[in-house]
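Heads up, the thing below is written out as structure tokens.
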Amino acid sequence: MLIIDSGIGGLSVLNNIKKELPNIHYIYMLDNEAFPYGKKRDNFIIKRMIKIINIIKKNYPIKIVILGCNTASTISLSILRKFFNIPIIGVLPTLNTAIKTTKNKIIGLIATEGTINSTYIKKMIYQSSFRYNIKIIATNELAKIAEKKIRKLSISNAKLKKIFNPWILLPIPPDTIILGCTHFSFLKIEIKKNFYNQINFIDPGEIITNELKKTFCSEKIKKNILLCSKYNKKIKQLLFFLKKYEFKKIQEINLN
Ligand code: DGL
């Protein structure tokens with residue numbers, strides 16, 4: 001199993017997978033050289049995903065790919081599925097669970113600019129906006145805050161509040177928030193603090209395991225490997241956090 005993200009976000013997806021499939025082995029592609037994906041053009045994301053999958057597939061016997069990233073999934077999933085003949089699963093924000101969960105009928109969707117501007121999300125919003133009150137925040141900053149938190153660097157609550165102000169200042173803020181970026185799963189406590197009302201989080205990375213169980217066939221990868229696109233200081237700062245994922249090898253791969 002190969003999991004791809006621009007940073008630590010996909011690790012929140014991996015956490016969910018490991019809960020259900022504790023013995024699974026994985027290659028985690030941390031494309032830090034291209035972080036943040038949220039700012040990149042669609043074409044860049046599509047080409048980057050194709051490149052990453054092709055290079056890794058040549059060197060490792062991967063049988064399934066998980067896009068542990070909403071930005072990559074909303075922009076490239078349907079194209080990648082046509083391009084490759086191995087199963088590819090993506091993390092995609094959906095409204096179903098949020099609709100069932102919300103009590104005040106106000107749903108928040110927060111994601112990167114890339115995700116919010118994707119055709120996938122535009123269609124989803126267009127089809128539902130007549131019936132549901134959906135509030136949207138597009139931000140490329142929150143993923144950066146999550147990256148800092150995981151590295152135990154100080155994070156600014158003022159910055160976080162500024163991101164959520166459009167909802168905080170509403171007469172009735174959303175009671176249900178769809179976390180449309182896998183990075184945001186690491187910030188649930190910090191986000192909650194900004195609201196006086198009860199918040200339910202919908203995390204698309206939590207439901208991916210059902211799909212994975214359906215598709216998963218026995219794998220050939222026998223150890224966990226972390227690949228990054230730039231082995232730099234920022235990766236070194238992560239090593240402590242990465243311990244629990246038991247990577248036997250950490251290696252830079254050249255994507256240029
Ligand atoms: N973790 C990614 C997502 O789920 C993207 C963060 C970024 O690189 O902008 O959208």
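Atoms within a ligand are numbered from 1 in the order they appear, just like the ligands themselves. Computation of the quantities below employed the complete heavy-atom set of this structure, encompassing side-chain atoms and omitting hydrogens, waters and symmetry-equivalent molecules.
At a 4.0 Å heavy-atom cut-off, the residues surrounding ligand 1 are Asp5, Ser6, Phe35, Pro36, Tyr37, Gly38, Cys69, Asn70, Thr71, Thr112, Ala143, Cys181, Thr182, His183, listed by chain and number.
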Table please: side-chain donor-acceptor pairs of residues 245-253 below 3.5 Å, with sequence neighbours left out.
{"from": "Tyr245", "atom 1": "OH", "to": "Asn15", "atom 2": "OD1", "distance (Å)": "2.7"}
{"from": "Tyr245", "atom 1": "OH", "to": "Asn15", "atom 2": "ND2", "distance (Å)": "3.4"}
{"from": "Lys249", "atom 1": "NZ", "to": "Tyr60", "atom 2": "OH", "distance (Å)": "3.1"}
{"from": "Lys249", "atom 1": "NZ", "to": "Gln251", "atom 2": "OE1", "distance (Å)": "3.2"}
{"from": "Glu252", "atom 1": "OE1", "to": "Tyr231", "atom 2": "N", "distance (Å)": "2.7"}

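Between the side chain of Lys149 and the backbone N or O of Phe186 there is at least one donor-acceptor pair closer than 3.5 Å. For the pair Ser76 (side chain) and Ser73 (backbone), a donor-acceptor distance under 3.5 Å is absent.
A salt bridge links Glu206 to Lys188: one of the charged nitrogens lies within less than 4.0 Å of a carboxylate oxygen.
Here the rule is side chain to side chain contact (heavy atoms under 4.5 Å, CB included) with Phe184, and of Ile145, Asn70, Asp203, Thr139 only Thr139 fits it.
Using a 30° and 60° split on the angle between ring planes, Trp167 and Phe195 fall in the tilted class, from 30° to 60°.
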